[in-house]
Structure formats: C-alpha cells, structure tokens
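Below you'll find the structure, written out as structure tokens, and then a few comments.
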Amino acid sequence: MAAVTPHSEGASPQTPRQPPLVIAATDGVRAADWREAVREAASALVGAGTAGEGYPDACVRVVEENGPYIVLTKGLALVHARPEEGGLAVGVGATRLAAPVEFGHPDNDPVDLLLAFCTPEPDAHVGVLSALARALSGGLADRLRAASGGEDLARALKEAVPDA
C-alpha cells in the first residue's frame, strides 16, 4: 500500500464533528481477474483499518449477485458493500491496476482504476457516494490516471473528496 492518511475537516461548534476520512491508495496492483481486482481494492480499506476482514469478499458478492453495475464509466469501477458487511470507519481508496481486467460490462470494460469505499452506517454511505460522484464528474478519474505513484494517488483522492 502506497499511502494511508486520515483526513478530517474542522467542524463548527454548532455542527457535530465528522469522523476522519481515511484515504488509502495502491498503485501497480496485479490482478488476474475482476474478483482479484475487487479484493485488492477492498483489502486496502482493511489494511487502513476502515473495513473488517470479510469486506473484500462482500464486495465480490455484490458483483456476483448484481452484475458489473459497479463499472460506472470507461475503465472505472466503484467497489463497495453494505455498511453492515464490514464497514468500521469512513474510508475511501484508489487502486490503479498494472493491467486492466474485464468485468463483463458491455460498454465500460476493461477496468484499470478502482475506487473503493466503506462506511459504518447508511447515512455516511450515501454521503461518501455523493462526494465520489461529484469528484468523478469533476475529472477525478483523469487525475488519478495521471498520478505519478501511490502518494500522488492519495493526494488527488484527498483533494477530491474533502467533504465525504
């Protein structure tokens, strides 16, 4: 794992303090297939302490049960599972693969970039998903692909989702 950084914005006295967002980034990850890619991306969150040991397998089950809907756009998958399946804290990770893998998506394969996230409760889950959607519409995938390594991946992700 290249980088794991806690990130938290200050809160005003009137608003409750958000738990810190933990950012994880891995670069040059080798995966034989989509299952291994998903496990690697989710395992970065386990390594960062934001997801439980069973979270990677739960993320694989999401795709097995629902198909490759997590492949949102050309080459990018959003790896996640329900909060009760292992979310311990708020975490977001970026994993860049050494070689793309096929998910079976008719339009957006192959995938070279995976964003993974986990949260301990449903409200935070929706908030992180919204923050990632905004960041992706603002060019996050291009910035992550242009990153020079793991530290740069983590920095780009942290800058893109400061309010998650």
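Hydrophobic clustering, with ILVMFWY side chains joined whenever heavy atoms are under 4.5 angstrom apart, groups V29 together with I70. Linking Ile, Leu, Val, Met, Phe, Trp and Tyr whenever their side-chain heavy atoms come within less than 4.5 Å puts L132 and L72 in one cluster.
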request  = In sequence, state the C-alpha distance, the side-chain angles, and the governing distance for R143 and E159, and then conclude on side chain to side chain contact (heavy atoms under 4.5 Å, CB included).
outcome  = CA-CA 11 Å; R143 289 192 302 281; E159 290 169 0; 5.7 Å; no
request  = Apply side chain to side chain contact (heavy atoms under 4.5 Å, CB included) to the pair V63 and V79, showing each step before the final yes or no.
outcome  = CA-CA 9 Å; V63 180; V79 174; over 6 Å; no
inquiry  = Determine whether H80 and Y55 satisfy the following criterion, side chain to side chain contact (heavy atoms under 4.5 Å, CB included), listing intermediate values before the conclusion.
reply    = CA-CA 8 Å; H80 64 285; Y55 197 71; 4.0 Å; yes
request  = I would like to know whether V128 and V90 meet side chain to side chain contact (heavy atoms under 4.5 Å, CB included); could you show each step before the answer?
outcome  = CA-CA 8 Å; V128 170; V90 179; 3.7 Å; yes
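Here the side chains of F103 and V38 are in contact, with some heavy-atom distance below 4.5 Å. Residues V71 and L76 have side chains not in contact (no heavy-atom distance under 4.5 Å, counting atoms from C-beta outward). With a 4.5 Å cut-off on side-chain heavy atoms, P56 and S43 count as touching. Counting only heavy atoms from C-beta outward, the side chains of V60 and W34 approach each other to under 4.5 Å. Within the 4.5 Å cutoff, no side-chain heavy atoms of V22 are placed close to those of V92. Side-chain contact check for L144 versus L115: some heavy-atom pair is nearer than 4.5 Å. No side-chain heavy atom of C118 sits under 4.5 Å from any side-chain heavy atom of L88.
The two residues A48 and A24 make their nearest non-hydrogen contact at CB-CB, 4.3 Å. Taking all atoms of both residues into account, the shortest heavy-atom contact from P110 to P100 is CB-CB, 3.6 Å. In terms of heavy atoms, V101 sits closest to L97 at CG2-CD1, 3.9 Å. Taking all atoms of both residues into account, the shortest heavy-atom contact from A141 to L136 is N-CD2, 4.1 Å. When every heavy atom of A135 is checked against every heavy atom of V161, the shortest pair comes out as CB-CG1, 4.1 Å. Nearest heavy-atom pair, A154 versus A25, reported as atom, atom and distance to 0.1 Å: N-CB, 3.7 Å.
The NZ atom of K158 sits 13.0 Å away from atom CG of L153, with the distance rounded to the nearest 0.5 Å. Here SG of C59 is found 7.5 Å from CG of L45. Values are rounded to the nearest 0.5 Å. With rounding to the nearest 0.5 angstrom, the CG atom of L140 is 6.0 Å from the CG atom of L157.
Among pairs with a residue in residues 98-120, those fulfilling salt bridge (charged side-chain N to carboxylate O under 4.0 Å, His left out) read D112-R145, at least two apart in sequence or across chains.
The number of heavy atoms from other shown groups lying within 6.0 Å of CD (E84) is above 12.
Within the 3.5 Å criterion, the main-chain N or O of A147 finds a donor-acceptor partner in the side chain of R96. Listed for the R61 side chain is no donor-acceptor partner under 3.5 Å among the backbone atoms of A81. Panel note: side chain T95, backbone T26; no donor-acceptor pair is recorded below 3.5 Å. E40 places no side-chain N or O within 3.5 Å of a backbone atom of E36 that could act as its donor or acceptor partner.
Here D123 pairs with E121 under the side-chain contact (heavy atoms from CB on, under 4.5 Å) rule; sequence neighbours left out.
Between H125 and F117, the two ring planes are tilted [angle within 30° to 60°].
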